[in-house]
Amino acid sequence: MDSGKFPESFAWGAATAAYQIEGGWDADGKGLSIWDSFTHQGGDRVFKNQTGDVACGSYTLWEEDLKCIKQLGLTHYRFSLSWSRLLPDGTTGFINQKGVNYYNKLIDSLLEMKVTPLVTLYHFDTPQAIEDQGGWNSENTVAIFEQYAKFCYSTFGDRVKLWITINEPHVVSKFSYEEGLFAPGNKELGFGAYRSAHNMLKAHAKAWHAYNNFFRDKQKGFVSIALNSDWAEPLDPNSLADKEATERYLTFNLQWFAKPIFIDGDYPTVMKSEISRKSKEEGLTTSRLPEFTNEEKTMIKGTADFFCLNYYTTRKIRPLTSTVSEPSFNSDMGAEGIKDPEWPESGVEWLCVVPWGLRKLLAYIKHTFGNPDIYITENGFAQSDPPILQDTHRWGYFQETLKEVLKAIRQDGANVKGYFAWSLLDNFEWTSGYNVRFGLFHVDFDQPSLPRTPYFSANEFAKVVKGNKLICN
Ligand code: PNW
């Protein structure tokens with residue numbers, strides 16, 4: 001490779017999410033979110049029963065975050081809005097002006113620094129009041145989310161031009177409503193994931209249309225959704241069963257959302273046929289996978305202005321081996337992912353470092369979804385606690401990954417427009433609490449001032465951003 005130049009005006013960012021960094025859980029009129037309730041209930045569902053009550057304190061220390069952003073020289077910053085900070089009961093019936101002021105200050109300061117905000121409307125933290133009425137299990141949340149989205153466009157859209165409606169509907173549906181690992185802790189195997197995903201897809205589409213119909217002409221921005229997916233390879237490349245399981249794995253992970261949105265408004269055919277066949281066998285009169293009406297299909301199709309991908313890891317796939325007695329998303333998928341022992345593990349057990357998996361996934365997205373513009377809206381590597389500041393190993397992972405992104409752009413022709421490191425700061429890593437550290441900046445959670453210190457990775461990342469170029473060796 002000649003030089004490691006990235007395309008002109010490539011977006012270099014870092015990402016965060018409101019609940020993971022802000023703290024101020026009840027400050028200035030903020031309403032409760034499901035993560036407030038979930039963490040306050042204890043019960044060892046989160047590492048050491050930690051909470052996001054204080055987190056990185058970004059609700060008050062946001063200027064410290066801006067210094068980090070400046071130090072990295074980022075062109076973009078991705079953060080999420082706390083829905084219940086803006087609308088304490090989730091509806092526009094009452095607007096918390098202090099919450100609006102907070103995000104106004106943040107957005108204005110970013111723009112003054114010439115940093116483009118990429119704003120996520122929803123990153124796992126449903127207002128508790130909305131959850132009390134069913135949350136994503138309820139069809140009513142679709143219209144409520146649409147109202148919230150319109151409120152955000154009209155309040156911030158004069159300055160925010162890049163929007164993500166929902167972060168990782170796959171994680172929300174599977175962890176929050178199927179397996180009950182994430183807030184609100186609903187466990188409903190075989191039903192929860194499909195029902196919640198169905199409502200999220202409709203909510204996303206409504207929010208996109210709201211922008212398209214009422215805001216786009218004037219505000220001239222773009223709206224998408226952030227989809228996470230592993231890359232997947234057959235465990236035995238010569239086994240037909242493993243190859244088919246691999247197809248199903250990608251279908252149940254990425255295509256579940258990406259096919260309706262980017263292709264034709266409907267779920268993948270295999271999901272429809274498999275789940276309906278199994279549902280019949282189980283004696284059900286309707287499929288556990290809900291159906292879209294024709295009108296809904298038309299509404300959902302084409303509702304993303306670019307592709308936002310969150311990539312962390314890769315799996316080797318074989319057909320599901322465990323015999324499960326009750327129906328579940330996993331048994332419907334009929335595939336399981338194995339970690340190759342050769343792949344280095346980062347500080348969290350599910351994340352093996354597989355840089356080439358990202359390149360393959362980018363090529364797959366290019367071919368499958370009509371060569372869209374792609375933003376990698378999350379990618380990163382954790383250290384476990386206690387982390388080391390001189391994280392040369394971890395920077396190696398970032399470097400290898402960025403090399404693969406360059407290959408995807410140059411050799412495979414993928415339209416990758418930007419890369420956002422997860423995360424700007426060490427933060428509340430959901431059920432792993434503060435034990436898993438994804439930050440480019442270290443946060444000392446033991447000190448009340450929550451000081452931020454750059455890791456070696458931050459300094460190196462800043463060089464890449466500055467030169468728009470990887471220094472290859
Ligand atoms: C993403 N998994 O979630 C989220 O968008 C971030 O909020 C989070 O901090 C980041 O990835 C790192 O985990 C995920 O278990 C949560 O496979 C869990 C998984 C993947 C992504």
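Because the structure is a prediction, the values reported are computed rather than measured. Below, all heavy atoms of this structure are taken into account, side chains as well, without hydrogens, waters or symmetry copies. Both ligands and their constituent atoms are indexed starting at 1 by order of listing.
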Exercise answer, ligand 1 polar atom pairs (N/O) under 3.5 angstrom:
| residue | atom | partner | partner atom | Å |
| --- | --- | --- | --- | --- |
| ligand 1 | 3 (O) | E168 | OE1 | 2.9 |
| ligand 1 | 5 (O) | H123 | NE2 | 3.2 |
| ligand 1 | 5 (O) | N167 | ND2 | 2.9 |
| ligand 1 | 5 (O) | E168 | OE1 | 3.3 |
| ligand 1 | 5 (O) | E168 | OE2 | 3.3 |
| ligand 1 | 5 (O) | E378 | OE1 | 3.0 |
| ligand 1 | 5 (O) | E378 | OE2 | 2.8 |
| ligand 1 | 7 (O) | Q20 | OE1 | 2.7 |
| ligand 1 | 7 (O) | H123 | NE2 | 2.8 |
| ligand 1 | 7 (O) | W430 | NE1 | 2.8 |
| ligand 1 | 9 (O) | Q20 | NE2 | 2.9 |
| ligand 1 | 9 (O) | W422 | NE1 | 3.2 |
| ligand 1 | 9 (O) | E429 | OE1 | 2.6 |
| ligand 1 | 11 (O) | Y312 | OH | 3.3 |
| ligand 1 | 11 (O) | E378 | OE1 | 3.3 |
| ligand 1 | 13 (O) | E429 | OE2 | 2.6 |

Is atom CD of E345 surrounded by more than 12 heavy atoms (other residues, nucleotides or ligands) closer than 6.0 Å? yes
Centre of Y59's six-membered ring, under 6.0 Å away, within 45 degrees of the axis: is that where NZ or CZ of R85 sits? yes
Is R315 close enough and on-axis enough to Y249, meaning under 6.0 Å and within 45°, for cation-pi? no
Is it true that [X] and [Y] have ring centroids separated by less than 6.0 Å?
X	Y	result
Y148	W83	yes
F175	W430	no
W35	F182	yes

